[in-house]
Chemist: 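Before I ask anything, here is the structure I am working with.
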Amino acid sequence: MQRRIYGVETEYGIIFTPEGRKTLPVEKAIRFLFEKLITTEHFLNVFLENGARFYQDTGCHPEYATPECASPRDLVIYDRAGERILEDLQHYAEEKIREERVAGKLSIFKNNTDFVGNSYGCHENYLVDRDVDFYYLAEQLIPFLVTRQIYAGAGKVFQTQEGIHYCVSQRAQHIYQKISGTTTNDRSIINTRDEPHADREKYRRLHVIVGDSNMSEYTNFLKLSTCAIVLQMIEDNFINKDFTLRHPVKAIKDISYDTTCKRKLRLENGREYSPIEIQREYCEMAKRYIEQYPVSDQLKEGVEKWEHVLDCLDDDPDRLDTKIDWVIKRKLLRSYIQKHNISWHDPRVFMIDLQYHDIRTDRGFFYLLERKGQAERLFTDAEIEKAKTEPPQDTRARMRGDFIKLARQNNIQYDLDWSNIRLGNLLNVRVICNNPFETDTEKVTELVRTIQRTNLRRTSLSKLVIQS
Amino acid sequence: MSDQEQKKRSDGGDSGEETKGDDGAGQKKIAKRGEELKEEMDTLIDEIDEVLEENAEEFVKNYVQRGGE
């Protein structure tokens, strides 16, 4: 597929730290977060003007799902816009908490683990051709997904029986299966949930749940664009080598433990490759692929960055200390430890690990590094600010976003999901848009006008369905 | 699977993005930049201490989340 729809869902960690006796249950803190957003829709589940969805997920985590994006660059921008939206809501919630006369601090983290072994996810969604056999696709993709953490990992300080260990990935320790249908127990690399929110005959959804949440734009872009190019190669039957790992789930943990990225892994065919070598093979194939097949400029950019990053990892991972999350964070930790002459066991080390992911721009260490030019940017603040309220212009999200603005301005009652709009006082007018590439907002605008003219309170338009 | 021949290409100018700049620039420049970066890092750590959670030990111990997806 040359044109593809992408989406990322991010679950955030949240905690309220009381100062004094009076505390606030996290359920209530989350309600305050949502309060500003609630209009006519269901509580704790809201679609936003930029087409994204914001809701409370399993385990009391605020979750942001980007709108449908048609490119990895847009996807990174909209994922980051989610951080900024949540930060705005956090300020609002903090005010509310003060009004309740509860003293304390609300903290929200874009990471994937606490310190007692719980995990919450960052799920990537890729629209793929229904024609491609799912298990074939998964087998081809798994060695790539297992090894990509060497440039996609967010880094984590782990307390192990042998002492403190810095790992490449946050999520790796929480993966127990190759492929499965559940997301909360027995988490897998690929989840079989197949909700394309599109024509099921043509498309399926690939739901990748193995990844870390990324702070760095560079890392995030690399993670998403490399996966997209590998998918395109699989769809075009271009991959002609077999990297099936003998123990993929064990490998994912072993790789996370090995910050040299060079320890060999055994393949099913008996050969041994390091994670860098496996990635290099995929990357070399991609370089040949983009010369022979039509590929978007962004994916070409992804391949270029991919090669550069692998060269650096091969030479010395520290060369990526402004580009790749786990290396950026490790540099910060090392510098802090050195400057204060403390050990890796110091609680401040764990706190820095956590606070790297704090979404408050004035408290989060990643943002601090970014402001100091120590984390490379691919986008501008203006682009991200715009994405907070403007939907992507080249996907169905545009219809949804424009509709939400219009409906709110005109006080029209509505209900939404990814491919349906219901509106009118009895929610009896339904617009179905099963094509995520559809961008024609005229239909929606026209419909809103019709509703205004007819005044649904008196005219009973029984189940008007418009197929888009 | 279609047989995609592996064309060995003489690697011309399509090396990675930033590597070109590094080549000709010379070691001195890199060393100087290294010193600057170290100074920047020192300043940065001072700023980190300003906003670092005061009660780190307590905070980290209490940071327990319910498992998500």
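Here is the naming used below: chain letters follow the sequence lines, and residue numbers restart at 1 for every chain.
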Chemist: Can you label the angle between the A:Y282 ring and the A:F243 ring as parallel, tilted or perpendicular, going by 30° and 60°?
Modeler: tilted

Chemist: With sequence neighbours excluded, what pairs up with A:R348 under the salt bridge (Lys or Arg N to Asp or Glu O under 4.0 Å) test?
Modeler: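 Checked A:R348 against salt bridge (Lys or Arg N to Asp or Glu O under 4.0 Å); matches are A:D346.
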
Chemist: Keeping A:H207 on the side-chain end and A:T192 on the backbone end, is there a donor-acceptor pair under 3.5 Å?
Modeler: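 Not confirmed, A:H207 side chain does not pair with A:T192 backbone.
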
Chemist: Quick check: A:F109 with B:Y63 (ring centres under 6.0 Å apart)?
Modeler: yes

Chemist: Report which part of A:N112 has an atom under 4.5 Å of a heavy atom belonging to chain B: side chain, backbone, both, or neither.
Modeler: neither

Chemist: May I ask you to name which of A:E9, A:R363, A:H123, A:E63 has the most heavy-atom pairs under 4.5 Å with chain B?
Modeler: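 Highest number of heavy-atom pairs under 4.5 Å: A:H123.
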
Chemist: Holding to salt bridge (Lys or Arg N to Asp or Glu O under 4.0 Å), I want the full list of residues that pass it with B:D49, two or more places apart in sequence or in another chain.
Modeler: none

Chemist: A:H174 versus chain B, heavy atoms under 4.5 Å apart: side chain, backbone, both or neither?
Modeler: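 It is neither, since no heavy atom gets under 4.5 Å.
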
Chemist: Please state whether the side chain, the backbone, both or neither of A:V26 comes within less than 4.5 Å of a heavy atom of chain B.
Modeler: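 A:V26 touches chain B through side-chain heavy atoms alone.
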
Chemist: Heavy-atom pairs under 4.5 Å with chain A: which of B:E53, B:E57, B:R66, B:Q65 has the most?
Modeler: B:Q65

Chemist: Mind checking whether A:Y356 and A:F366 have ring centres under 6.0 Å apart?
Modeler: yes

Chemist: Quick check for you: among A:L332, A:L310, A:I352, which has the greatest number of heavy-atom pairs under 4.5 Å with chain B?
Modeler: A:L332

Chemist: Check whether A:T113 gets within reach of chain B through its side chain, its backbone, both or neither, counting any heavy atom under 4.5 Å.
Modeler: backbone

Chemist: Heavy-atom distances under 4.5 Å only: say whether A:R334 touches chain B with side chain, backbone, both or neither.
Modeler: neither

Chemist: By a 4.5 Å heavy-atom criterion (distance strictly below it), what part of A:F115 contacts chain B: side chain, backbone, both, or neither?
Modeler: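 Both the backbone and the side chain of A:F115 come within 4.5 Å of chain B.
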
Chemist: Examine distances only and state if a side-chain atom of A:D242 and a backbone atom of A:T244 form a donor-acceptor pair shorter than 3.5 Å.
Modeler: yes

Chemist: Does the A:R171 side chain pair with the main chain of A:S119, one donor and one acceptor, at a distance under 3.5 Å?
Modeler: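 Flag not set: sc A:R171 to bb A:S119 has no pair under 3.5 Å.
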
Chemist: In terms of heavy-atom proximity below 4.5 Å to chain B, should A:K339 be classed as side chain, backbone, both, or neither?
Modeler: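 For A:K339, the side chain is the part near chain B, not the backbone.
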
Chemist: When only pairs under 4.5 Å are counted, which of B:N55, B:V51, B:D42, B:V60 shares the most heavy-atom pairs with chain A?
Modeler: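 Going by pairs under 4.5 Å, I would pick B:V60.
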
Chemist: Let me know if A:L368 has heavy atoms under 4.5 Å from chain B in its side chain, its backbone, both or neither.
Modeler: both

